[in-house]
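Just so it is clear, the values below take in all heavy atoms, side chains as well, and ignore hydrogens, waters and symmetry mates.
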Amino acid sequence: MSHDQASYLELLARGAAAEAYDRPLLLARASGAGPDELAALDQAKQLALRVRAELEGRRRREAELSALFETAHDLAGLRDLDAVLRAIVQRARSLLGTEVAYLSLNDPSAGDTYMRVTEGSVSARFQQLRLGMGEGLGGLVAQTARPYVTDSYFDDARFEHTRTIDTAVSDEGLVAILGVPLMLGSQVIGVLFAADRRARVFEREQVALLASFAAHAAVAIDTANLLAETRSALAELERANEIIRDHSGVIERASEVHDRLTEVVLRGGGVHDVAAALSEVLDGTVEFTDDDLEAAGADGRAIRHGDDWVAAVSAGGELLGALVLRGHRDLDPVDRRTLERAAMVTSLLLLARRSAHEAEQRVRGELLDDLLDAADRDPRLLRERAARLHADLDVPHVVLAARIDAAGADGSGPNAGGRGGDAAATGERETADRQRLWSAASHLAATRSGLAAARDGGTVLLLPLGPRDSASDLARQTARQLGGTLRELVTVGASSPVAAPAGDPGPIAGAYEQARRCLDALRLLGRSGQGAAAQDLGFLGLLLADPGDIDGFVRRTMGEVVEYDRKRGTDLVRTLDAYFASGMSPARTKDDLHVHVNTVAQRLERIGRLLGPDWQSPGRALEIQLALRLHAMSVSVAR
């Protein structure tokens with residue numbers, strides 16, 4: 001290592017600014033260093049900047065986790081609700097790097113909302129603001145129970161503007177505002193905000209982090225309300241003994257659960273530690289599962305499923321799993337709330353773990369991109385990079401191409417309704433779907449010692465092939481697991497096995513193209529939401545596995561009909577497809593095409609002159625139908 005290269009380690013050691021990393025390269029260039037030395041320095045610079053970015057990301061995640069654990073510790077020793085809420089708002093402002101943070105609570109008796117805690121505010125009018133229910137950005141969050149963000153408050157027409165609110169916001173000088181709901185079960189009790197006096201974009205991770213603080217704030221308010229209810233009950237002398245016994249049991253139980261769960265969080269435990277602690281408190285068997293989640297409710301409430309109770313573990317609308325309490329057919333309200341709170345704590349733990357895993361997922365995606373795009377990589381370096389990710393690239397692997405088909409190939413599907421909208425909304429939805437698919441696929445790849453990357457509007461995975469598995473098995477498993485996680489139809493096409501990617505990365509790119517063709521064929525055949533390899537698709541699969549001269553086959557079989565349509569703007573190809581689809585019945589064909597039967601007869605006569613008199617014989621008809629499928633697939637891929 002040269003002195004100049006070593007200087008990058010010194011920059012990393014003292015936490016220098018990113019601009020400082022240009023200096024060694026500039027000095028070397030000024031001193032007349034050769035191209036090889038400059039190239040080595042530039043490579044060292046890029047690596048050092050990547051390490052610096054990774055270190056900064058880790059420090060940021062450590063700060064976030066530390067703040068969440070400190071908040072949990074505050075809740076464990078809850079004495080002053082205002083102090084706890086103030087600490088939550090201060091930490092949210094600090095970690096999100098905003099100029100202002102504030103928390104509003106609903107006042108059911110007055111029918112409005114008021115500021116409870118503000119941090120960084122300078123306007124007395126803003127700090128004393130009370131607003132009617134449903135007004136402003138906070139009203140939109142409270143109505144929908146979903147986070148909302150605006151990068152320009154006064155230009156945003158999604159929510160109701162009032163003179164009172166706009167004047168207070170203007171006095172404070174706020175421009176960009178993010179609001180997340182404070183939820184108790186399915187009820188919105190307030191809103192937690194982070195805001196800047198300049199335009200900015202709030203990232204998805206920042207929205208999730210603020211939602212985590214909002215969840216803690218809701219727990220603090222709920223706990224404080226429970227204590228207040230207890231004090232009020234104790235004041236009722238005529239029922240003092242009964243109330244004391246009942247509420248003492250509730251408080252002790254809630255305190256025990258709270259202490260146990262807080263202890264699990266503070267010592268760095270995982271979701272199974274939460275389940276174990278809950279098993280002791282509820283005197284039953286509690287398990288965390290991420291399979292077969294249809295029984296889990298979407299609103300965070302514990303619901304009965306047979307003889308069991310299930311509480312969904314979710315974050316940001318994504319179902320991460322569920323806590324299942326076995327063998328308790330009847331569950332009192334306190335224990336139900338306990339199960340629900342444990343599910344919320346579990347979701348916070350999973351979010352924290354996910355943040356730590358995202359960096360590793362990106363590294364996995366970079367390695368897969370190199371395997372696809374740079375077949376001349378040094379095998380030794382590929383093996384070293386794979387080993388750091390616990391992947392073995394010297395065993396057979398399968399390349400899989402996955403895509404979300406939100407409405408299915410025929411417009412049906414679990415989420416077909418309500419997914420319309422303008423082009424911008426559609427684009428945003430597709431971008432969000434691609435991100436969700438990449439996240440779920442990356443998690444699946446990590447659990448299977450494989451790799452995943454976002455590519456070509458979908459996701460590509462490279463998974464090891466077990467001794468008893470086939471490419472078809474792997475495709476079906478992947479489609480089922482990704483579809484269950486995302487609650488969407490996920491279609492997966494698989495390649496033939498690749499012997500040893502590390503030793504010879506060349507076949508990976510071809511295998512990916514084969515997997516994509518298989519994916520396109522599944523969607524064309526109306527098999528959205530399924531997984532398959534080329535060998536599962538019969539003769540069509542053989543053509544996909546080794547495409548050969550597909551265009552030539554289509555041209556020889558029905559090229560004259562395609563060319564006739566192209567030159568004259570006719571519809572013979574569609575007529576031919578409808579004719580075969582209707583069982584070669586002109587009467588049913590005219591119904592499908594909404595034309596007169598004479599028109600069908602004239603078109604079929606024209607087709608006969610183009611294809612020859614034997615075009616309806618069994619052999620020719622089979623070839624023509626196959627050519628129609630391949631032609632439709634090629635048109636679909638071209639689009």
Side-chain angles (χ1 to χ4, degrees), residues 53-75 83-105 115-123 126-127 129 136-138 140-142 145-153 156 159 169 172-183 188 190-221 315-318 344 347-356 358-359 432 435:
E54 179 67 19
L55 291 174
E56 287 183 349
R58 289 180 181 274
R59 282 193 291 269
R60 184 179 66 254
R61 288 190 294 275
E62 288 172 1
E64 292 172 357
L65 288 174
S66 176
L68 289 175
F69 292 160
E70 288 172 3
T71 301
H73 186 269
D74 287 346
L75 295 180
V84 174
L85 295 181
R86 192 175 301 110
I88 290 173
V89 172
Q90 289 171 347
R91 288 169 188 149
R93 178 194 177 199
S94 174
L95 284 178
L96 269 67
T98 57
E99 296 170 285
V100 182
Y102 51 99
L103 183 148
S104 68
L105 291 181
M115 292 292 185
R116 179 63 182 266
V117 181
T118 64
E119 176 70 19
S121 171
V122 296
S123 168
F126 184 80
Q127 296 168 11
L129 183 65
L137 177 64
L140 183 61
V141 174
R146 293 176 54 192
Y148 272 87
V149 61
T150 178
D151 56 6
S152 181
Y153 175 85
D156 200 326
F159 47 85
V169 172
E172 192 63 55
L174 301 182
V175 176
I177 304 176
L178 164 63
V180 298
L182 275 66
M183 304 288 297
V188 179
V191 181
L192 179 60
F193 300 88
D196 260 341
R197 297 185 177 94
R198 55 183 174 80
R200 68 171 286 177
V201 176
F202 289 95
E203 303 294 338
R204 183 173 63 86
E205 293 78 4
Q206 294 174 318
V207 177
L209 180 62
L210 192 64
S212 299
F213 281 116
H216 278 301
V219 171
I221 294 168
E318 180 181 351
M344 182 185 65
S347 69
L348 293 176
L349 288 174
L350 290 175
L351 274 179
R353 301 297 189 273
R354 173 175 290 183
S355 296
E358 283 184 352
Q435 177 64 27

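Here Asp156 pairs with Thr150, Arg158 under the side chain to side chain donor-acceptor pair (under 3.5 Å) rule; sequence neighbours left out. For Ala145, the side-chain contact (heavy atoms from CB on, under 4.5 Å) partners two or more places apart in sequence, or in a different chain, are Met183, Val188. Scanning for side chain to side chain donor-acceptor pair (under 3.5 Å) contacts around Arg197 gives Glu172, with sequence neighbours left out. Taking the side chain to side chain donor-acceptor pair (under 3.5 Å) definition, one finds that Tyr153 meets it with Asp166, sequence neighbours left out. Legend: residues meeting side-chain contact (heavy atoms from CB on, under 4.5 Å) with Val89, ordered by chain and number and at least two apart, are Ala101, Leu103, Val117, Glu119, Leu192. For Tyr102, the ring-ring contact (aromatic ring centres under 6.0 Å, His included) partners at least two apart in sequence or on another chain are Phe126, Phe193. Judged as a side chain to side chain donor-acceptor pair (under 3.5 Å), and not counting sequence neighbours, the contacts of Gln127 are Ser121.
Taking every heavy atom of both residues into account, Val207 and Pro147 meet most closely at CG1-CB, 3.8 Å. Residues Val100 and Gly120 come closest through the heavy atom pair CG2-O, 3.7 Å. Pairing each heavy atom of Leu85 with each of Ala217, the nearest pair is CD2-CB, 3.9 Å. Among all heavy-atom pairs drawn from Leu96 and Ala194, the shortest one is CD2-CB, 3.8 Å. When all heavy atoms of Ala199 and Val175 are compared, the closest pair comes out as N-CG1, 3.9 Å.
For the salt bridge (Lys or Arg N to Asp or Glu O under 4.0 Å) condition, no pair includes a residue of residues 207-221, sequence neighbours left out.
Between Arg91 atom CZ and Leu209 atom CG the span is 12.0 Å, to the nearest 0.5 Å. The line from CG of Leu210 to CZ of Arg93 is 14.0 Å long, rounded to the nearest 0.5 Å. With rounding to the nearest 0.5 Å, the separation of CG in Leu178 from CZ in Phe202 is 5.0 Å. Distance OG/Ser152 to CD1/Ile177: 10.0 Å, rounded to 0.5 Å.
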List the steps and the verdict of side-chain contact (heavy atoms from CB on, under 4.5 Å) for Arg200 and Thr98.
-> CA-CA 10 Å; Arg200 68 171 286 177; Thr98 57; 3.3 Å; yes
Are Leu105 and Leu182 close enough, and set up right, to give a side-chain contact (heavy atoms from CB on, under 4.5 Å), and what steps lead you there?
-> CA-CA 9 Å; Leu105 291 181; Leu182 275 66; 4.2 Å; yes
